[in-house]
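Each chain gets a letter, A, B and so on, in the order the sequences are listed, and its residues count up from 1. Computed from a prediction, not measured in an experiment: that's the story for all the values here.
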Amino acid sequence: MTENILLSLQITLLGMGIVFGLIILLWGVMAALTALTREKEAPAPQAEADAPQPAPITSSNFKARAAAAAVAVALAEQSLSTAHPLPTPPTAIVSAWQLGMRTRQMSQKGKTRR
Amino acid sequence: MTENILLSLQITLLGMGIVFGLIILLWGVMAALTALTREKEAPAPQAEADAPQPAPITSSNFKARAAAAAVAVALAEQSLSTAHPLPTPPTAIVSAWQLGMRTRQMSQKGKTRR
Amino acid sequence: MTENILLSLQITLLGMGIVFGLIILLWGVMAALTALTREKEAPAPQAEADAPQPAPITSSNFKARAAAAAVAVALAEQSLSTAHPLPTPPTAIVSAWQLGMRTRQMSQKGKTRR
Amino acid sequence: MDLGALLPELLKGLANFTPGNAVMIAAGLVLIFLAVRYEFEPVLLLPIGFGCLLANIPLAGMTAASEGMMGVLYNAGIKTELFPLLIFVGVGAMIDFRPLLAQPRMVLLGAAGQFGIFGTLVLAILLGFPLNEAASIGAIGAIDGPTSIFVATKLAPELLAPIAVAAYSYMSLVPIIQPPLMKLLTTKKERRIRMDYAPRPISQRTLVAFPIVITLVVGLLVPEATPLISMLMLGNLLKVSGVVDRLSKAAQNEIINIATLFLGLTIGATMQAEAFLRPQTLMILALGLLAFVLDTVAGLLFGKLMSVVSGGKINPLIGAAGISAFPMAGRLVAKMAQKEDYDNFILMHAMGANTAGQLGSVMAGGILLAVVSKILGIG
Amino acid sequence: MDLGALLPELLKGLANFTPGNAVMIAAGLVLIFLAVRYEFEPVLLLPIGFGCLLANIPLAGMTAASEGMMGVLYNAGIKTELFPLLIFVGVGAMIDFRPLLAQPRMVLLGAAGQFGIFGTLVLAILLGFPLNEAASIGAIGAIDGPTSIFVATKLAPELLAPIAVAAYSYMSLVPIIQPPLMKLLTTKKERRIRMDYAPRPISQRTLVAFPIVITLVVGLLVPEATPLISMLMLGNLLKVSGVVDRLSKAAQNEIINIATLFLGLTIGATMQAEAFLRPQTLMILALGLLAFVLDTVAGLLFGKLMSVVSGGKINPLIGAAGISAFPMAGRLVAKMAQKEDYDNFILMHAMGANTAGQLGSVMAGGILLAVVSKILGIG
Amino acid sequence: MDLGALLPELLKGLANFTPGNAVMIAAGLVLIFLAVRYEFEPVLLLPIGFGCLLANIPLAGMTAASEGMMGVLYNAGIKTELFPLLIFVGVGAMIDFRPLLAQPRMVLLGAAGQFGIFGTLVLAILLGFPLNEAASIGAIGAIDGPTSIFVATKLAPELLAPIAVAAYSYMSLVPIIQPPLMKLLTTKKERRIRMDYAPRPISQRTLVAFPIVITLVVGLLVPEATPLISMLMLGNLLKVSGVVDRLSKAAQNEIINIATLFLGLTIGATMQAEAFLRPQTLMILALGLLAFVLDTVAGLLFGKLMSVVSGGKINPLIGAAGISAFPMAGRLVAKMAQKEDYDNFILMHAMGANTAGQLGSVMAGGILLAVVSKILGIG
Ligand code: NA
Ligand code: NA
Ligand code: NA
């Protein structure tokens, strides 16, 4: 019994160790992957780096962004409430989010830090 | 041979007996099922019981009902003529029928009995 | 080895012979098939035989036919460029083609022979 | 090696062609013709007919008994009874039990319409068939393909081909076989009877409980009927639950379509001349037709009885809808009533009786299986 | 032959009905109720519940161990592990790895959320389970149905039913189990932390390379995880490649739907009273719940650690999304954050952690399988 | 128990990795690259490439010879020939035979385009392959995946992997391989020949009769070709009959998609380094390419012959469409003709020749199988 418990603790240690090891390796792989493919398309990101700033927030486009946010929230809540077991992938939401939220988050960031 | 024939007659008797017995049991089960679930939603049927009479038939809504009937007939005939082996369920027809025909049948009843 | 080579040459002869034989038989079968079913619907083809000539080409309908041709070409090229492995059948193209091209080809024929 | 000597070898297929093959190929062509020209159950008769052609091409290895494709499918789906059961999942997802639940007494008509099963069993015994075969032939009287196939597979697999062919062919002949019987057995006055339709409202809860309760009640009382009834009810539950649209659609589409195609092909592939062309086969086809007639007659007579008992409130025609053959029989009955009186709508009552007939057929099939296998000491 | 003597024979089904059957039928009804009424993983709980009913109808021959339909499906898809793997192809085609690829460090959260697997293994050993069973119970902590089933089929098939039921039930209880733990372990201030989202642009090339590279790296290092991870990645590759729309749609529809329905039914059909109603089962269900809690706690604590290390730039809630249970956990986390601060959108981060949790779960399942089968000398 | 000692055990997968595995993984990646980047038959090359990766992950148990998922699928669908035959049902439902029926003489071009099969057989014998293998390699010249797989499975299953890979790869290389040959073998004047298109009207009756008659005629004369030709014709019958839309759509979608995915994966999973990396493989790939060239050359030369015989009314280019590779070859020919003369539309003629090539390929495959198995005394 004690032997078994010891064994199980060892398995836990070894298992979580390997899981973390593998996950960290994956991190590296993913970083390498994105880095490698970025190098190949160097010009585009470069251009993007020049203009990472969001468009200035005017009160006119704020409403539009707020509406987009509300839609995203509604979508997310709706998805949650029906508890899809095999849901449609969140891609649609993601794209909507990326379109509407990216600049928004950036400005939020400022506020949060204040 | 005679023995076999006797046996087959006995099987017929027993078989049809069980079929009828089971079907009557099913009748009871179905009645119980609808009764039980009705009790739980008592108010609604109660209200419906107060007003089972169809709306008075005026010549203006008669045409509409006739049209609905014609559509239902057409649908039914069409379905029959193509002899679907694995047909779409008759749900759609049913709903249309229920919407349009229920009050109608009731007035027909009066006529039939006259 | 030499024996094997001889055998393989014999197989080639026999195989291609049977392939051609079978294909010629198929030709006959197909001809018979279309002939038989044509006889059964004799009147229609008869009528068609009376008027096989295309409508006279006027400059007004020439443009329309040219447009139809362009569409057909575009469709064909598009299909080719995406290299469908399991493509939708070319039926749609065929019908379009038949509608628009048949008379056209006939007039082309004249030109080609000239 | 003389390749010239190969030619006769290569034409061995033609050399092995028998007159029986020719007859069966003609039969297959007739089935395909009926399917394509008259749309008699085409999703089944066309594959059955095509499978029949294949089984009668000598040395092609496309019979259900071979190790080729048809044999593989036969072992995978017919021997295991998977195909008929999967078809039932799809059928269940297409059935609407509301007309029946709204008028529970209609369920009685589903019992009467099974008489043909047992009546035919008696006749088959009279003709000298052993009990297991007679019972399988009787199962044609279920007028329900999967049930007939299920029973025959268990009791007399050697008769599967003619039984399946009869079951599906006659199902498709409903609009031809039933009307004369209806006219013969009912008066014009009876056919003109109008019926009340004041159905109880059916709650969602009832709709969901129904397939579950039916499965348990029938399953506990007639275990032999469990596979059939449970798959029918599973399909129905998938639909009415409203929470598993994906599965309901899969049942109504890919599952039933694939199972139907493969079932038809393999049933057809059992129709090899040597096995099929026997005097028995003609007898089975004749008995099957009789089963259909007996079902309809019993249904109509019971309809008349109910009409009398109810004081003329019931149109006896709906008795003919109690035979199963869902949903053709129900629609036909409604049409017949309308023919006599254009304003007479009994579609809902007929569909109620028709779904009851579907339930009754499955139960009767299970009971037949139970009784006969007990007598034969199989079960 | 006295047919009267047949009646008791015919009611044998009822006579064989045990109190255990009654209990299991009640359990099946509860599962169906949860599926239909509360939509808890209905595509799985409904078939599982229905299969459970069937398995407890005496003499019906519908248990997974029988030669009937359920036995056929069990041997075809569970014993061969085909069904869970096919489900993974479909799941893979539904996962979007862009949120994870855009923020690779999120992947760390997918490791922490696997602690429940091993923690539960220890507890199961403490409760006296042998190692193979303890490991299978631990696999419930993957909070991922196919992984749990895959591991249990390999190590302890006799426990498959309770493990599968626990895995799928608890997956569906995410919105009930996680929120209290989130509130308990995080402060309001932590939950209000907003997170940057300035993702690197993910090229099509990266998206295509990702599933291939993951398959190779994980496969070479943990061969036991290859079937699971490779089918998940295959599905993803079918989708992101953009050139095999047909196959991607087949994976997301017919393949996953059919596999899910059959998997649910057959898992349910293993829940026969005699096999299922043992004290072990209750322990397994309790341990499974604990596994879930341990996963969430470990995930949240690791989230807090990352939050501190990052200087408060990371909202610790996203740790709870690292448990797998894709995509419910990710959405729940985003919702919790928004509850505290309506303008706080961390959905993308949560989905990144959630897909990392999916990867982590599969890898942890494979590692568990590898280590335990090496110790037991199976592999 | 010393867990430290487990680590080397756990890395056994990596330890068993051979240079051969690396080569084959590279090959798999190339196939995936061709599929994704250039869309060369992606529905097949992508699964084949992915299956190849899996088969070369040591100890993962994902080879076609294992007892894992790939082995299960291999035994279920390749050994039984079910997958290629089901694919043919779908292909048949996608083919339109009207262009061929409208110009029956086009069928001759479908014979010439099969020369590569036999020419390659001779070359393979010259290179020392035994007859069964030489014939299987020749079958690559059918330029039709299912036919090649069907023949190879019967005659030389050990060569299945390279043959299938060659068959599908070269099918996708039509637009690269054929144009230079076309230009080489035809003059500009020949390529500019316009062709009449005054087709006979094809009745619905002919369309329905065609697949049935072809099945019977070919089946009776070449029983070995029956499985292939009959499934192709079944699919076509399902479509043209117009009465079984459900089945026709099932054939064109779920059936062909699932069979294609599984076929690709399992074919790929046969590409394990030890079995695949042999000098033979390179020879087979080279011979397969040659078969393609021989087919095209023979088709073009026969097209030229027909052109001369017809008094210049036939464009010899359409000979190149007689090789099968439906429908790419037909479209390519039409495009080539248009390149020379923008107003020259020979698409209908090319599609007629192309469908004839499809028929010819299947028949030639069956004849090859018949002749060779008779000589070897197998059939
Ligand atoms: Na019946
Ligand atoms: Na997990
Ligand atoms: Na060819």
Side-chain angles (χ1 to χ4, degrees), chain C residues 1 4-5 7-9 11-16 18-38 40-41 44-45 48 52 69 72-73 76-77 79-80 82-91 93-94 97-98 101-102 104-106 108-109 111-113, chain F residues 39-44 94-96 98-99 101 104-105 107-108 110-111 114-115 118-119 121-122 125-126 131 134 172 175 194 196-198 200-203 205-206 209-210 213-214 217-218 221-222 256 260 327-328 331-332 334-335 338 343 345 347-348 351 359-360 363-364 367-368 371-372:
Chain C
M1 188 67 188
N4 262 343
I5 294 166
L7 180 65
S8 70
L9 289 172
I11 292 174
T12 303
L13 214 74
L14 181 69
M16 282 308 287
I18 303 179
V19 169
F20 264 101
L22 216 60
I23 283 279
I24 289 168
L25 177 66
L26 233 71
W27 184 7
V29 166
M30 280 163 58
L33 212 63
T34 44
L36 274 174
T37 44
R38 204 187 322 184
K40 304 230 172 177
E41 1 182 329
E48 204 170 39
V73 173
E77 283 188 347
S79 315
L80 202 61
T82 53
H84 298 282
L86 298 164
T88 45
T91 325
I93 300 174
V94 168
W97 195 92
Q98 282 181 322
M101 289 300 111
R102 198 168 151 195
R104 184 148 195 266
Q105 283 277 18
M106 288 177 157
Q108 279 180 0
K109 181 178 76 177
K111 277 189 279 176
T112 312
R113 298 284 150 70
Chain F
E39 301 199 23
F40 284 169
E41 294 278 322
V43 291
L44 274 150
M94 291 171 179
I95 289 187
D96 184 350
R98 275 177 297 183
L101 282 163
R105 63 183 170 162
V107 81
L108 290 173
Q114 314 313 323
F115 176 72
F118 299 97
L121 184 153
V122 175
I125 292 281
L126 279 172
L131 183 54
S172 66
R194 295 188 177 189
D196 298 359
Y197 188 65
R200 330 179 183 178
I202 303 302
S203 70
R205 208 174 297 178
T206 310
F210 180 72
V213 171
I214 294 292
V217 170
V218 175
L221 293 175
V222 193
I256 197 172
T260 302
M328 285 93 73
R331 286 177 177 158
L332 181 73
K335 209 188 168 189
Q338 236 181 349
D343 280 333
F345 289 95
L347 183 61
M348 295 308 285
M351 290 316 292
L359 290 179
M363 289 192 285
I367 291 162
L368 179 73
V371 172
V372 171

How many angstroms lie between [atom1] in [X] and [atom2] in [Y], if you round to the nearest 0.5 Å?
X	Y	atom1	atom2	value
F:Ile214	C:Leu26	CD1	CG	3.5 Å
C:Met30	F:Thr206	CE	OG1	10.5 Å
C:Ile11	F:Leu368	CD1	CG	8.0 Å

Give a yes or no on this: more than 12 heavy atoms of other residues, nucleotides or ligands lie within 6.0 Å of atom CZ of F:Phe115. no
Under 4.5 Å from any heavy atom of chain C - which part of [X]:
X	answer
F:Leu221	side chain
F:Leu101	both
F:Val122	both
F:Val213	side chain
F:Ala364	both

So, the part of C:Leu25 with a heavy atom under 4.5 Å from chain F: the answer is side chain
Proximal component of C:Val29, with respect to chain F [non-hydrogen, under 4.5 Å]: side chain
Closest approach of [X] to [Y] (non-hydrogen atoms, all atoms of both residues):
X	Y	answer
C:Trp27	F:Val107	CB-CG1, 3.7 Å
F:Leu121	C:Ser8	CD2-CB, 3.5 Å
C:Ile23	F:Gly110	CD1-C, 4.3 Å

Would C:Asn4 and F:Leu131 count as a side chain to side chain contact (heavy atoms under 4.5 Å, CB included) here? Give the steps. CA-CA 8 Å; C:Asn4 262 343; F:Leu131 183 54; 5.6 Å; no
Is any side-chain heavy atom of C:Leu9 less than 4.5 Å from a side-chain heavy atom of F:Ile125? no
Less than 4.5 Å apart, side chain to side chain, heavy atoms only: is that true for F:Ile202 and C:Thr34? yes
